[in-house]
Amino acid sequence: QVQLVESGGGSVQDGGSLRLSCAASGYTFSRACMGWFRQAPGKAREGVAGIDSAGTTRYADSVKGRFTISKDSAKNTLYLQMNSLKPEDTAMYYCAADFRFRDCLGAVLPGTLLPFDYWGQGTQVTVSS
């Protein structure tokens with residue numbers, strides 16, 4: 001049974017930093033396509049960053065240079081380091097995993113009609129000005 005559990009969200013001031021973690025279990029972590037997504041109130045869910053099984057990454061233009069996605073296969077954990085946070089980064093953040101996509105990074109950004117198979121419960125990030 002695949003499980004994804006996010007942690008690390010919270011409230012910070014404009015310009016602050018947070019590191020999100022996503023603890024994974026129930027599958028071969030290193031083989032998965034994984035991504036971070038976010039959804040703000042009244043807005044559609046959007047891809048933030050993706051990482052494939054080889055460790056190649058892709059970022060949304062809005063977070064490039066500020067966010068870093070990484071994974072530790074020994075710990076079965078996905079991370080999202082978020083620096084220089086802005087109020088517009090406020091959202092619920094979700095990690096997701098899938099094994100089906102030939103184009104893993106394209107499935108995160110720009111995204112596909114087919115949603116990722118496995119999702120965490122989300123962690124709230126609030127950035128105040």
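In what follows, every heavy atom counts, from backbone to side chain, and hydrogens, waters and symmetry copies are set aside. Please read these numbers as outputs of a predicted model, since none were measured by experiment.
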>> If hydrophobic residues (ILVMFWY) are linked whenever their side-chain heavy atoms come closer than 4.5 Å, directly or via other members, who joins V5 in its cluster?
In response: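 Once heavy-atom contacts under 4.5 Å are chained together, V5 still belongs with nothing else.
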> Does the D98 side chain pair with the main chain of D117, one donor and one acceptor, at a distance under 3.5 Å?
Replying inline: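 Here the side-chain-to-backbone pair exists.
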>> For the backbone of S62 and the side chain of R66, can you confirm whether one donor and one acceptor N or O come within less than 3.5 Å of each other?
In response: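 Flag set: sc R66 to bb S62 pair under 3.5 Å.
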> By side-chain hydrogen bond (donor to acceptor under 3.5 Å, both in side chains), which residues pair with N76, not counting sequence neighbours?
Replying inline: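 Not a single residue meets the side-chain hydrogen bond (donor to acceptor under 3.5 Å, both in side chains) criterion with N76.
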>> To the nearest 0.5 Å, what is the distance between CZ on R38 and SG on C95?
In response: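 The SG atom of C95 is 15.5 Å from CZ of R38, to the nearest 0.5 Å.
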With a 4.5 Å cut-off on side-chain heavy atoms, are [Y] and [X] touching?
{"X": "V108", "Y": "R58", "result": "no"}
{"X": "E6", "Y": "Q121", "result": "yes"}
{"X": "S17", "Y": "V12", "result": "no"}
{"X": "W36", "Y": "L78", "result": "yes"}
{"X": "Y27", "Y": "Y118", "result": "no"}

>> Between D89 and K86 (salt bridge meaning N to carboxylate O under 4.0 Å), is one present in this structure?
In response: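 Judged by the 4.0 Å cut-off on N to carboxylate O distance, D89 and K86 do not form a salt bridge.
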> Applying ring-ring contact (aromatic ring centres under 6.0 Å, His included), which residue pairs with at least one partner in residues 48-81 are found, sequence neighbours left out?
Replying inline: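 Non-adjacent pairs meeting ring-ring contact (aromatic ring centres under 6.0 Å, His included): zero.
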> Are more than 12 heavy atoms from other residues, nucleotides or ligands located less than 6.0 Å from atom CZ of R100?
Replying inline: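 Count over threshold, so yes.
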> Parallel under 30°, tilted from 30 to 60°, perpendicular over 60°: which one fits the rings of F116 and F101?
Replying inline: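 Answer is tilted, since the angle falls between 30° and 60°.
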